[in-house]
Amino acid sequence: MCEISILVPVYNVEKYISKCIKSILEQSFKNFELILVNDGSTDKSLDICKKFELIDSRIRIINKKNGGLSSARNTGIENAKGKYIIFIDGDDYIHYQMIELLYKGATICNADISMCDFLKVKEDQTINMKDLNYKHNDNIIYSSQEALNKLYTSENVKFIIACNKLYKKSLFNNLRYDIGKIHEDEFIIHKLLFKSKKICYIPKKLYYYLQHDKSITNTSFNIGRLDY
């Protein structure tokens, strides 16, 4: 049994997946498994994943027919062996202390969800990943009700998105992402927050959310956006 399962949906991200995987393997926290869910990629994404699988025994690849982001995340949840799970999208990357700090937040504060802030980055942007001076006193603790109320404030995005959070896996008992929705995060986050007794927020930008033309949030309008 590992402590944390890191779940990465992979679909046609050959340009970005190496940087994503490297940022995970270089984490200061080491006790994790990395599950790469290949969601029917038609480019070289799977070949790249296989090369990493050969050099690190913590990596598992799961192949499935294309079913979308929610389907890939659900597959990851169902195969995760860790006490905690975290989602990272295949075109994003993370600060090398992100897992460590989220884990500290979860364990020190006895939180069901530990979350950090995120930074939107461009493809050619360079991030200076200096050591972070983590202080337990920097953490902000929310009750379930307080976190739910944040969904209706200007801070709502960091509370809604899936990938800046470490979750107790037990929160997903009887819960899965809705398949076929563009705004899948909105369909589940209120349920996860409701089930949580305590949420720990670390006010540091540790998740790097890549902005590019093929990002879901940058695609042109379609009727599916009304899911929001």
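Given the structure is predicted, the values throughout are model-derived calculations rather than measurements.
Ile179 and Val10 fall into different hydrophobic clusters, where Ile, Leu, Val, Met, Phe, Trp and Tyr residues are linked whenever their side-chain heavy atoms come under 4.5 Å apart, directly or through other members. In this structure, Ile99 is a member of the same hydrophobic cluster as Ile108, with clusters built from ILVMFWY side-chain heavy atoms closer than 4.5 Å. Note: the hydrophobic cluster containing Ile188 also contains Met115 (ILVMFWY, side chain heavy atoms under 4.5 Å, direct or indirect links).
Salt-bridge annotation for Glu186 and Lys181: absent, with no side-chain N of the basic residue lying under 4.0 Å from a carboxylate O of the acidic one. A salt bridge links Arg60 to Glu33: one of the charged nitrogens lies within less than 4.0 Å of a carboxylate oxygen. By the 4.0 Å N-to-carboxylate-O rule, Lys122 lies too far from Asp124 to be salt-bridged with it. Salt bridge annotation for Lys197-Asp112: absent, with no cationic side-chain nitrogen under 4.0 angstrom from a carboxylate oxygen. Electrostatic pairing of Arg73 and Asp39 does not count as a salt bridge here, judged by no charged N lying under 4.0 Å from a carboxylate O.
Side chains of Ser28 and Glu100: a donor-acceptor N/O pair is present below 3.5 angstrom, by distance only. Checking Lys198 against Ser143 by side-chain atom types alone, no donor-acceptor pair falls below 3.5 Å. Neither side chain, Tyr208 nor Gln125, offers a donor N or O lying under 3.5 Å from an acceptor on the other. Thr153 and Asn156 share no donor-acceptor pair across their side chains, judged by distance under 3.5 Å alone.
Nearest approach of Cys49 to Ile17, heavy atoms of both residues: SG-CG1, 4.1 Å. Nearest heavy-atom pair across Leu171 and Leu175 is O-CD1, 3.5 Å.
Residue pairs that meet the ring-ring contact (aromatic ring centres under 6.0 Å, His included) test with at least one member in residues 29-62, sequence neighbours left out, are Phe29-Tyr103.
Of the residues Ile62, Ile35, Ile88, the one that meets the side-chain contact (heavy atoms from CB on, under 4.5 Å) test with Leu7 is Ile35. The side-chain contact (heavy atoms from CB on, under 4.5 Å) test with Glu14 singles out one residue from Asp47, Leu46, Asp43, and that residue is Asp43.
For Lys81, the NZ atom counts as loosely surrounded, since its 6.0 Å shell holds 12 or fewer non-hydrogen atoms of other residues, nucleotides or ligands. Heavy-atom neighbours of Lys44 NZ from other residues, nucleotides or ligands within 6.0 Å: at or below the threshold of 12. The environment of CG in Asn173 is crowded: more than 12 heavy-atom neighbours from other residues, nucleotides or ligands sit within 6.0 Å.
Here the side chains of Lys50 and Ile61 are in contact, with some heavy-atom distance below 4.5 Å.
A distance-only check finds a donor-acceptor pair linking the side chain of Asp185 to the backbone of Ala162 [under 3.5 Å].
Residues passing the side-chain hydrogen bond (donor to acceptor under 3.5 Å, both in side chains) test with Ser70, sequence neighbours excluded: none.
Relative ring orientation between Phe172 and Tyr167 is described as perpendicular, the plane-to-plane angle rising above 60° on a 0-90° scale split at 30° and 60°.
Under the 6.0 Å cut-off for aromatic ring centres, Tyr93 and Tyr207 do not qualify, their centroids lying 6.0 Å or more apart.
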